[in-house]
Undergrad: 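Next up is a structure, given as structure tokens.
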Amino acid sequence: MERVLVTGGAGFIGSHLCERLLGAGAEVICMDNLITGSLRNIEPLFGRDGFLFVKQDVTNFIHVPGRLDTILHFASPASPVDYLAHPIQTLKVGGLGTHKVLGLARDKGARVLMASTSEVYGDPQEHPQRESYWGHVNPIGPRSVYDEAKRYAEALVMAYHRQHGLTTRIVRIFNTYGPRMRGRDGRVVPNFILQALHGEELTVYGDGLQTRSFCYVDDLVDGILATLERGDPEPVNLGNPNEFTMLELARQVLALTGSASRLRHEPLPVDDPRVRRPDITRARELLGWEPHTQLEEGLRRTIAHFRALEATP
Ligand code: UDP
């Protein structure tokens, strides 16, 4: 049986990974300091054979007794609102946390997959973004705490691979959505859905013509596991190339919730990327992976999740 450590396992993507791995028969150690992760995300996993939760900050020394085959490093605040609220912790988890994870992997002879991000491309001057693009990041802007932490983490992973021959993977994750996103994490999908469900105005930042491409979480998990099995040490983009403006997203959320909410424009956050869309040619060729869930279907499932949450005390 494979023994896997998932850091950030109580977070949005981490909890979906834990669930999938358990279902595939792995033993899963879920580690999280619960700053942005939540026990609610992993509640259904408690009591299942092979699941263990450890509350720990991975920027401190990590001790895991026994064997370890794989580490999936997903610990980090990931929404702009969260990493702006925890700027130093975000830098620490990307730097010190990634270092601790790599040291543990070396000690255990485990392979490591690190969750990187499309933010390494910054406000991109190449569109769509391929893995070969080096990015356009403001190194001292407010978003730099996340962008530069992830860029440093990628450098660290590559150094451990080159110097110590560690088996490593880097996935650059583009915008992802789905059940278990935190309602108040400030990202556009939960914001719009909750605002629509409550009949509040939808907050569109800037003119709303900036674009993103959203991948449904189940597709992303397929891509992560495919990278682990069939990938190589070079970074690979994982995301859905279906690109739309935030205004189009707002309209779709209104249509699917049946809400009569109006739109309210608010200032664009500093360094908010104007466009973002992954080029997933490499993932298609290397992994035979591509996302399948259409935005409408994914939004329906995510709306159902938030409706159910709202209905429970
Ligand atoms: N956004 C918006 N309204 C909101 C939250 C976000 O218009 O209530 C915009 C934000 O300015 C950005 C896009 O939606 O252009 C995606 O933002 P998010 O925070 O979800 O993720 P990002 O891609 O910026 O990391």
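What you see below is based on every heavy atom in this structure, not just the backbone, and it leaves out hydrogens, waters and symmetry mates. Note that this is a predicted model, so its numbers are computed, not measured.
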Undergrad: Would you call the rings of Y160 and H164 parallel, tilted or perpendicular, taking 30° and 60° as the class edges?
TA: tilted

Undergrad: Just say parallel, tilted or perpendicular for the rings of Y121 and Y133, cut-offs at 30° and 60°.
TA: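 Answer is parallel, since the angle falls under 30°.
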
Undergrad: For residues E19 and L45, determine if any side-chain heavy atom of one lies less than 4.5 Å from a side-chain heavy atom of the other.
TA: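 Yes, at least one pair of side-chain atoms sits under 4.5 Å.
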
Undergrad: Taking all non-hydrogen atoms of both residues into account, name the closest pair between G186 and N191 and its distance.
TA: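 Looks like O-ND2, 3.4 Å.
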
Undergrad: Counting only heavy atoms not in R130 (residues, nucleotides, ligands), do more than 12 fall under 6.0 Å from its CZ?
TA: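 Counting other residues, nucleotides and ligands, CZ of R130 stays at 12 neighbours or fewer.
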
Undergrad: Using a distance-only test with no angle check, is there a side-chain donor-acceptor pair under 3.5 angstrom linking Q195 and T203?
TA: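 Checked: Q195/T203 side chains pair up, N/O donor to acceptor below 3.5 Å.
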
Undergrad: Looking at every non-hydrogen atom in both residues, tell me the closest pair between L166 and R106 and how far apart they are.
TA: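 Scanning both residues, the minimum pair turns out to be CD1-CA, 3.8 Å.
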
Undergrad: I'd like to know whether R20 forms a salt bridge (Lys or Arg N to Asp or Glu O under 4.0 Å) with D222, so could you lay out the CA-CA distance, the side-chain angles of the two residues, the decisive distance to 0.1 Å, and finally the verdict.
TA: CA-CA 9 Å; R20 184 75 74 85; D222 290 340; 2.8 Å; yes

Undergrad: Quick one about R180 and S15 (side-chain donor to acceptor, distance below 3.5 Å, no hydrogens or angles considered), yes or no?
TA: yes

Undergrad: Apply the side-chain hydrogen bond (donor to acceptor under 3.5 Å, both in side chains) test between D82 and each candidate in R184, R187, Q89, R182; give the one that qualifies.
TA: R182

Undergrad: Do K55 and M31 come within less than 4.5 Å of each other through their side chains, counting heavy atoms only?
TA: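 No, too far: nothing below the 4.5 Å cut-off.
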
Undergrad: Report the C-alpha distance between R262 and E201 in whole Å, list the side-chain angles of each, state the deciding distance to 0.1 Å, and finish with yes or no for salt bridge (Lys or Arg N to Asp or Glu O under 4.0 Å).
TA: CA-CA 5 Å; R262 299 159 73 100; E201 291 174 326; 5.1 Å; no

Undergrad: Please test E148 against R151 for salt bridge (Lys or Arg N to Asp or Glu O under 4.0 Å), starting from the C-alpha separation and ending with a verdict.
TA: CA-CA 5 Å; E148 296 291 19; R151 289 168 68 94; 3.5 Å; yes

Undergrad: Is the shortest distance from a Lys or Arg side-chain nitrogen in E2 or R67 to a carboxylate oxygen in the other one below 4.0 Å?
TA: no

Undergrad: Check whether the side chains of H198 and E310 place a donor and an acceptor atom closer than 3.5 Å, and report yes or no.
TA: yes

Undergrad: In terms of heavy-atom contacts, does CD of Q163 have more than 12 from other residues, nucleotides or ligands at under 6.0 Å?
TA: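 12 or below, so no.
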
Undergrad: Would you mind reporting whether L254 and S261 have side-chain heavy atoms less than 4.5 Å apart?
TA: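 In short, these two side chains touch, coming nearer than 4.5 Å.
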
Undergrad: So, taking the atom named CG in N60 and the one named CG in D57, what distance separates them when rounded to the nearest 0.5 Å?
TA: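 One finds 5.0 Å between CG of N60 and CG of D57.
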
Undergrad: More than 12 heavy atoms of other residues, nucleotides or ligands under 6.0 Å from CZ of R162: is that the case?
TA: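 Result for CZ/R162: open.
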
Undergrad: Anything under 30° is parallel, anything over 60° is perpendicular, the rest tilted; go ahead and classify F46 against F51.
TA: perpendicular

Undergrad: Any side-chain donor-acceptor pair under 3.5 Å between H127 and Q129?
TA: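 The criterion, which ignores hydrogens and geometry beyond distance, is satisfied for Q129 and H127.
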
Undergrad: Just by distance, with hydrogens left out, do R276 and N175 show a side-chain donor and acceptor under 3.5 Å apart?
TA: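 Yes, a side-chain donor-acceptor pair sits under 3.5 Å.
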
Undergrad: Is any side-chain N of the basic residue among E229 and R111 closer than 4.0 Å to the acidic one's carboxylate O?
TA: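 Judged by the 4.0 Å cut-off on N to carboxylate O distance, E229 and R111 do form a salt bridge.
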
Undergrad: Specify the closest pair of heavy atoms between T70 and A110, including all atoms of both residues, with the distance to one decimal.
TA: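 Answer, listing the atom of T70 first, then A110: N-CB, 4.0 Å.
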
Undergrad: Below 4.5 Å, heavy atoms only, C-beta onward: do H73 and T98 meet side chain to side chain?
TA: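 Side chain of H73 against side chain of T98, heavy atoms only: contact under 4.5 Å found.
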
Undergrad: Compare all side-chain heavy atoms of R212 with those of V275 and state whether any distance is below 4.5 angstrom.
TA: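 Result no, sub-4.5 Å side-chain heavy-atom pair not found.
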
Undergrad: Among pairs that include at least one residue of residues 240-273, which meet ring-ring contact (aromatic ring centres under 6.0 Å, His included), considering only residues two or more places apart or in two chains?
TA: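 Of all non-adjacent pairs touching residues 240-273, those that pass ring-ring contact (aromatic ring centres under 6.0 Å, His included) are F214-F244.
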
Undergrad: Taking all heavy atoms of A283 and all of N237, pick out the closest pair and write down the distance.
TA: CB-O, 3.6 Å

Undergrad: Determine whether the side chains of S213 and N242 contain a donor N or O and an acceptor N or O closer than 3.5 Å.
TA: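 Per modelled atom types, S213 and N242 side chains form no pair under 3.5 Å.
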
